[in-house]
Amino acid sequence: ELRAPRTIFGTAPGGPRRCAVRSWPLARVADVATKAEVTVNDVALAMCAGAMREYLAARGSLPERPLVAMAPVNIRDDEDADAGNIVGGAICTLATHVDDPAERLQAIHTSMRRNVDIIRELPRQVAIHLFGVLCAPLSSDSGLGRRIPPVFNIGISHMRGVNTPLYRNGARLEATYPLPPTLKGQAFNVGLFSSGDTIDFGLVSSERAVPDLECMIGNLETALQELEQAVGL
């Protein structure tokens with residue numbers, strides 16, 4: 001059973017927004033995935049988990065229960081090639097209560113695989129409507145929201161582009177930084193875009209809830225280094 005704990009990220013996203021971006025070589029993330037026998041998306045989720053764990057721990061706010069992410073999942077099949085985006089939403093543990101980065105990665109992999117399978121086994125319309133319900137969490141600032149625990153702590157969306165570099169008039173596209181909206185009751189979200197030989201992270205937060213968002217960028221690099229060391233790279 002996944003029950004998201006309350007954190008400083010679960011506040012109404014009022015006031016100005018802050019953004020922070022950075023790209024990493026896709027090969028670094030893929031090497032960890034290959035070594036650990038997981039997916040690139042699992043490693044990206046583990047990077048976010050490690051970064052958030054470090055951020056909250058430094059502020060004495062790391063909950064005992066693991067943080068939970070909502071990750072959009074592609075539910076198109078071969079007949080939907082021209083149908084645009086058809087997505088469901090998988091709920092995944094970030095295993096932030098686990099000290100060892102390798103164990104945390106495996107916990108994320110197991111949770112993500114199980115919940116993606118569940119989403120893809122649901123009837124199409126049920127999966128789509130469930131995704132809509134998941135994306136409408138109650139604000140913890142509301143009366144009902146104070147009594148009902150959040151479904152998830154953060155949305156982490158991973159979009160995949162083409163595998164080859166893109167050019168326009170001879171100029172190479174260096175990066176594509178997604179900037180996801182902060183949902184009701186969510187003051188921090190992460191978007192990822194992998195294309196060519198890079199994976200690009202775009203972080204968006206409410207300035208009031210996460211005033212030092214740039215720290216998360218450094219934490220992501222630290223989390224990747226810890227994963228590389230943990231799997232023997």
Side-chain angles (χ1 to χ4, degrees), residues 1-11 20 22 24 26 28-73 89-119 134 137 140 149-158 186-192 194 199 201 203 205 209-210 212-213 215-233:
E1 180 185 5
L2 292 179
R3 289 169 47 199
R6 298 192 185 278
T7 71
I8 59 175
F9 304 133
T11 60
R22 180 171 167 179
W24 277 266
L26 186 57
R28 287 184 64 189
V29 179
D31 285 348
V32 173
T34 299
K35 194 78 171 179
E37 299 182 340
V38 300
T39 69
V40 166
N41 188 61
D42 293 334
V43 178
L45 289 171
M47 288 174 64
C48 294
M52 295 172 69
R53 172 186 162 89
E54 182 178 354
Y55 185 92
L56 292 172
R59 289 153 184 79
S61 301
L62 180 65
E64 293 183 1
R65 296 187 65 88
L67 271 64
V68 176
M70 187 280 293
V73 175
I91 299 299
C92 171
T93 181
L94 292 178
T96 48
H97 63 308
V98 177
D99 292 331
D100 183 81
E103 292 182 14
R104 192 182 312 134
L105 175 58
Q106 288 299 325
I108 290 170
H109 169 69
T110 299
S111 177
M112 193 65 184
R113 181 177 58 185
R114 179 176 62 249
N115 287 287
V116 167
D117 287 345
I118 291 172
I119 289 296
L134 291 176
S140 61
V151 178
F152 59 90
N153 300 108
I154 182 173
I156 303 177
S157 306
H158 187 180
Q186 304 291 317
F188 176 50
N189 277 321
V190 177
L192 304 119
S194 54
I199 181 167
F201 282 67
L203 284 60
S205 74
V210 190
D212 46 357
L213 185 61
C215 291
M216 282 289 187
I217 294 294
N219 292 355
L220 285 167
E221 170 62 24
T222 299
L224 180 54
Q225 291 178 10
E226 290 175 347
L227 287 164
E228 289 171 328
Q229 183 177 7
V231 300
L233 290 174

Counting C-beta onward and ignoring hydrogens, is there a side-chain heavy-atom pair between [X] and [Y] closer than 4.5 Å?
X      : Y      : result
Met47  : Trp24  : yes
Leu67  : Ile154 : no
Leu45  : Arg104 : no
Arg22  : Leu220 : no
Leu105 : Asp42  : yes
Pro63  : Leu56  : yes
His158 : Ile199 : yes

Can you tell me how far apart [atom1] ([X]) and [atom2] ([Y]) are? Round to the nearest 0.5 Å.
X      : Y      : atom1 : atom2 : answer
His109 : Cys92  : NE2   : SG    : 10.5 Å
Thr222 : Ile217 : OG1   : CD1   : 11.5 Å
Met112 : Ile156 : CE    : CD1   : 9.0 Å
Met216 : Glu221 : CE    : CD    : 15.5 Å
Asn219 : Glu226 : CG    : CD    : 9.5 Å
Arg114 : Ile91  : CZ    : CD1   : 12.5 Å

Step by step, would you call Gln229 with Gln225 a side chain to side chain donor-acceptor pair (under 3.5 Å)?
CA-CA 6 Å; Gln229 183 177 7; Gln225 291 178 10; over 6 Å; no
Does [Y] offer a backbone N or O that forms a donor-acceptor pair with the side chain of [X] under 3.5 Å?
X      : Y      : answer
Ser111 : Thr93  : yes
Gln106 : Ala36  : yes
Arg65  : Ala4   : no
Asn153 : Pro5   : yes
Asp212 : Cys215 : no
Thr34  : Ala30  : yes

Val29 pairs by side-chain contact (heavy atoms from CB on, under 4.5 Å) with which of Thr39, Leu227, Val43?
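Filter result, single survivor: Val43.
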Nearest atoms (heavy-atom pairs only) where [X] meets [Y]:
X      : Y      : answer
Thr96  : Arg53  : O-NH1, 2.6 Å
Ala223 : Ala51  : CB-N, 4.0 Å
Gly155 : Asn189 : N-OD1, 2.7 Å

Qualifying residue for ring-ring contact (aromatic ring centres under 6.0 Å, His included) with Phe188, from Phe152, Tyr55, Phe9
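Of the listed residues Phe152, Tyr55, Phe9, the ring-ring contact (aromatic ring centres under 6.0 Å, His included) partner of Phe188 is Phe9.
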